[in-house]
**Q** 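Below: one structure in structure tokens.
Proteins come first, then strands; the chains are lettered A, B, ... in the order of their sequence lines, and each starts at number 1. In this text, all values refer to a predicted model and were calculated from it rather than measured experimentally.
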2 protein chains.
Amino acid sequence: MTKTLLERKIQVAGERITPQRKLIAAILQEQGGHLSADEIHRLARRQNPRLSLATVYRTLRWLKVSGLVRELRLNGERHHYEVKRDEGHQHIVCLGCGRVIEFNCGHCANVHGDLADQYGFRITGVRVKLVGYCANCQARKHNETQ
Amino acid sequence: MTKTLLERKIQVAGERITPQRKLIAAILQEQGGHLSADEIHRLARRQNPRLSLATVYRTLRWLKVSGLVRELRLNGERHHYEVKRDEGHQHIVCLGCGRVIEFNCGHCANVHGDLADQYGFRITGVRVKLVGYCANCQARKHNETQ
DNA sequence: TTATATGCAAACAATTTGCATCCTG
DNA sequence: CAGGATGCAAATTGTTTGCATATAA
């Protein structure tokens, strides 16, 4: 039985547990996906209409610095946030519809090692982002061009 | 003898060639590196002090949509721009000093193929970003912790 | 009780845009 | 000469911050 995001956070640092933080953590955890601050805010407001966007950002930073949440720049201008789980999963972003899917990159581990030696770098993170068009969008594009 | 960025751009679309565009293209090409709009602006002003940041952004977009320049988000908030050359070169960013070095990712081509089949995606781009600490910064960090 | 978290509004930084003017083709 | 390009300033967008108030521990 895996711990909730919040339980892990509490474990890490004995900080205050507020309804707002509970709510945001729950949303991140349940939705799983790659939510923007704004999307989280919209969802959270359904349960607490007074919750401010500032609090969303503050909570995300709080979760981020403690290493429980990852901040990604998948497309466009805004950040997206996801609960950290397995390392090594990466993202494919559809340029047509914005959909993001995850995949596991078997090759990434290799890249790690190759470079450490070559440049004397100590690698702490690998981000692989593929962009392209999903099956749907390929079809749609094809039709539009007719 | 390879063509200048601007010559390629003219070839692509018969658009207007202005001193500002010439200057910005030259800077991108000569500096090679990963310049932010602001850095380009600063450099360009040494030769044309009236050149506006807005024009830098407009020119970068113009070069980007024609596929001659790549827009990257390497670290922090701002975009960085580089002239497109070989596909397949990727970036390592030092979290200590911000230095960016490039490397060629032999594994990337494989990733391409693997996924096309698996998800029906047509992959158009692969971005691999490694973050970590360069040799210098590892040393420095070590000293500070003493 | 008391420090920490929140909400709100204002501040910021990066980027974009409206518009009058300029200049390339 | 005409329409696209520029400069400037104002607008937008995403994110952060200051401060008075509310609240978890």
**Q** Ignoring backbone atoms, establish whether A/Arg50 has a side-chain N or O less than 4.0 Å from OP1 or OP2 of C/dT6.
**A**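 It does not, given that no N or O in the side chain of A/Arg50 lies less than 4.0 Å from OP1 or OP2 of C/dT6.
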
**Q** Is there a path of hydrophobic side-chain contacts, each under 4.5 Å between heavy atoms of I, L, V, M, F, W or Y residues, that connects B/Trp62 with B/Leu72?
**A**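 Cluster IDs for B/Trp62 and B/Leu72 differ.
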
**Q** Please report, rounded to the nearest Å, how far the C1' atom of C/dA13 is from the CG atom of B/Leu53.
**A**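 B/Leu53 atom CG is separated from C/dA13 atom C1' by 11 Å.
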
**Q** The side chain of B/Leu51 lies closest to which of these nucleotides: C/dT16, D/dG7, C/dA9?
**A**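 Among the listed nucleotides, the one closest to the side chain of B/Leu51 is D/dG7.
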
**Q** Could you tell me the separation between the CH2 atom of A/Trp62 and the C1' atom of C/dT6, rounded to a whole number of Å?
**A**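 Rounded to whole Å, this separation is 13 Å.
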
**Q** Whole Å only: how far is the NZ atom of B/Lys22 from the P atom of D/dA5?
**A**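 Taking atom P of D/dA5 as the reference, NZ of B/Lys22 is at 15 Å.
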
**Q** For the pair A/Arg78 and A/Glu39, find out whether any cationic side-chain nitrogen is under 4.0 Å from an anionic carboxylate oxygen.
**A**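 Looking at A/Glu39 together with A/Arg78, the answer is no, because their closest N to O distance does not fall below 4.0 Å.
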
**Q** Is there a side-chain contact between B/Ile101 and A/Tyr119 in this structure, where contact means two heavy atoms from C-beta onward sitting under 4.5 Å apart?
**A**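 Answer yes - side chains close enough.
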
**Q** Sugar-phosphate atoms are those with a prime plus P, OP1 and OP2; base atoms are the rest. Using that split, label each nucleotide of nucleotides 19-25 of chain C B, S or - for protein heavy atoms under 4.0 Å, 5' to 3'.
**A** -----BS

**Q** Less than 4.0 angstrom between a side-chain N/O of A/Arg78 and OP1 or OP2 of D/dG14, yes or no?
**A**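 The answer is yes; a side-chain N or O of A/Arg78 sits under 4.0 Å from OP1 or OP2.
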
**Q** Can a donor-acceptor pair be found between the side chains of B/Arg73 and B/His79 at a distance below 3.5 Å?
**A**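 Side chains of B/Arg73 and B/His79: pair found under 3.5 Å.
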
**Q** In terms of side-chain heavy atoms of B/Thr55, which of C/dG7, D/dT6, D/dT15 is nearest?
**A**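 So the nucleotide nearest the side chain must be D/dT6.
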
**Q** State, with a plain yes or no, whether a side-chain heavy atom of A/Leu28 is found less than 4.5 Å away from one of A/Leu63.
**A**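 Contact flag for A/Leu28/A/Leu63 side chains = yes.
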
**Q** Distance check: side-chain N/O of A/Arg61 vs OP1/OP2 of D/dT17, anything under 4.0 Å?
**A**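 Indeed, a polar side-chain atom of A/Arg61 lies that close.
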
**Q** Check this one for me: any side-chain N or O of A/Gln20 less than 4.0 Å away from OP1 or OP2 of D/dT23?
**A**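 Answer no for this pair, as no side-chain N or O of A/Gln20 is under 4.0 Å from OP1 or OP2.
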
**Q** Using whole Å, report how far CG of A/Asp38 lies from C1' of D/dT15.
**A**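 Interatomic distance, CG of A/Asp38 to C1' of D/dT15: 12 Å.
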
**Q** Is the distance from OP1 or OP2 of D/dG14 to the nearest side-chain N or O of A/His79 less than 4.0 Å?
**A**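 So the side chain of A/His79 is outside the cut-off, no N or O lying under 4.0 Å from OP1 or OP2 of D/dG14.
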
**Q** Starting at atom CG of A/Leu60, determine the distance to atom P of C/dA5, rounded to an integer number of angstrom.
**A**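 Roughly 15 Å, once rounded to whole Å.
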
**Q** Quick one: SG on A/Cys94 to CD on A/Gln138, what's the gap to the nearest 0.5 Å?
**A**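 These two atoms lie 8.5 Å from each other.
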
**Q** Rounding to a whole Å, what distance do you find between A/Arg45:CZ and C/dC8:C1'?
**A**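 Computing the A/Arg45:CZ to C/dC8:C1' distance gives 12 Å.
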
**Q** Tell me: CD of A/Glu71 to P of D/dT16, nearest whole Å?
**A**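 One finds 7 Å between P of D/dT16 and CD of A/Glu71, rounded.
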
**Q** Taking the side chain as everything from C-beta on, heavy atoms only, tell me whether B/Gln20 gets closer than 4.5 Å to B/Arg58.
**A**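 Heavy-atom side-chain distance check fails, nothing below 4.5 Å.
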
**Q** Would you say B/Tyr57 reaches C/dT15's phosphate, i.e. side-chain N/O to OP1/OP2 under 4.0 Å?
**A**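 B/Tyr57 to C/dT15 OP1/OP2: side-chain N or O found under 4.0 Å.
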
